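Before any comments, here is the structure.
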Amino acid sequence: MGVIEPRVFKGTRDFLPEEMIHRDRIIDVMKSTFETYGFEPLETPALEYWDILTGKYGEEGEKLIYRLDYKGGHEVALRYDLTVPLSRVIALYPHLPKPFKRYQMQPVWRADKPQLRQGRFREFYQCDVDTVGSGSMLADAEIIIVTHAILSSLGFQTFRIRINNRKVLAGIVEYTCGDQSRSADICRCIDKLDKIGMDGVKHELERCDIPDGSAQKVLKILEISGNNETVLRDLERELSVSQMGLAGLSELKEVFAFLQNNGLPQDRYTFDLHLARGLDYYTGPIFETVLTDQPHIGSLAGGGRYDELIGLFSGIDEPATGTTIGLDRIYTAMQQLNMLENVKTKTQVLVTLFDDTTFKQSMSVAQELRDNGINTDTYFEQHSMKKQFTYAHKKGIPYVVILGPDECAKDEISVKDMESGEQKTISRNALIIYLQELTG
RNA sequence: GUGAGUGUAGCUCAGGUGGCCAGAGCACCAGGUUGUGGCCCUGGGGGUCGGGGGUUCAAGUCCCCUCACUCACCCCA
């Protein structure tokens, strides 16, 4: 009988120890940053009822939801993001004090085509921070500030947080076309400007059957450029006919004022009229973070305000805003930018095992090291020293403790530094202090 | 979903016009060194050449089909 071929489902991955050490570090940075800003942890199930997820992400998004056959029907699905589950939680537990600020780091699933270089997978971790129950632009600004804090702490140098507002986009549609049903098409064309240029957008608008007059107006709006202040001012003049557009611009002005007040470096964020974002549920400010020198990797983070999503579950709208930070995108980027430290293991010491006459002392030394906060591995078999050292070398354990008959007879102990190759024999009772100094 | 490319050992890849072409490096295991890793030396295990069909005396090599993977687009984290 043949063996079962070992393999993982396309777009999913195993995280081996060396990789987990890096991922854990990223998670630690995020978690502590979230907590610094007063966000609290939440977890929700991987599975949600189908009707909870459906109708929230738009046509494109919904095709990517993993449906599961269950008792012959299509009742459940793997969650597609963490925002919709959060909204379900808010509606389900109305007693939660507002504003409710939570962070959540869990995998989500999307049935699209994986693209390793771009950091695109079918199963990946999202790290979400959201504030529910406040319509203040302070909440939106705080989300942007947290995003900035995390990426800075991780050592990213070239990221840019693009900021726009769905109300502004709606205003543009109202002003140029007057017909909100064309909103999605127009936004998609606008979103493409960076990639296909002005002429490309022109063709795209034609392809979407946007009337000539409307298309001209769209192009005119897209020609507005300059710094955040002048662009906002020019837009205000163009969009004066749209209440919605003006409301969006005033929200943006508030957000930018808060960011500036908070001392966020100017080159880290920018008003970007071309940012649209695909998900249906956004209603106000939207943001997306990209690495300017790694454009092939999609966004590292993305989010926005969704004041009408929770109402779909509770019947009462509840203002909410937040962002997703993509752990796997961040990890992929750090890998490609050589930002990961060269650490193979958290184990600091290997205690070798010599023979029957010494193993009890090996065990008690190992325990003493652990009791003093030193991560210690022990060898279980009476193999040659060569084998035991090879094991330590391969695992990247920095120090090896040797207790052979020689050491035991004199109540001494030998410690080898695997990197320098130096070995020292010291008295048994000096070991803890000695190793604590070495391992810092 | 659309387009392009690539499939030979665990990994990275050699293998003109079909004929001693089943190979290298790295990795792995053992030994050289029975109290010491890395470097070096010696030896070893491991491959239905993605799969199926066809052409041929002969196919890793040519033709067809299929599958898988990668890249780009779309969309996103």
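Below, chains carry the letters A, B, ... as their sequence lines are ordered, and counting in each starts from 1. The structure presented is a predicted model; accordingly, all values stated were derived computationally and were not measured.
Between A:K10 and B:U70, a side-chain N or O to OP1/OP2 separation shorter than 4.0 Å is present. For the OP1/OP2 pair of B:C29 and a distance below 4.0 Å, the side-chain nitrogens and oxygens of A:K394 include at least one atom meeting the criterion. At the phosphate of B:G37, neither OP1 nor OP2 sits under 4.0 Å from any side-chain N or O atom of A:Q388. A sub-4.0 Å separation between OP1 or OP2 of B:C75 and a side-chain N or O of A:R277 is absent. In this structure, A:Q118 reaches the B:C73 phosphate: one of its side-chain N or O atoms is under 4.0 Å from OP1 or OP2. Of the side-chain N and O atoms in A:R7, none sit less than 4.0 angstrom from OP1 or OP2 of B:A68. Within the 4.0 Å cut-off from OP1 or OP2 of B:U2, not a single side-chain nitrogen or oxygen of A:K113 is found.
When heavy atoms are screened at a 4.0 angstrom cut-off, A:G298 is found touching base atoms of the nucleic acid. Within the 4.0 angstrom heavy-atom criterion, only backbone atoms of the sugar-phosphate kind lie near A:T324; the bases stay farther away. If you check every strand for non-hydrogen atoms under 4.0 Å, A:D81 touches nothing.
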(request) Check the pair A:H393 / A:F389 against ring pair (Phe, Tyr, Trp, His ring centres under 6.0 Å), numbers first and verdict last. (result) CA-CA 6 Å; A:H393 172 70; A:F389 273 87; over 10 Å; no
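The 12-atom threshold is exceeded at CE of A:M137, counting heavy atoms of other residues, nucleotides or ligands nearer than 6.0 Å.
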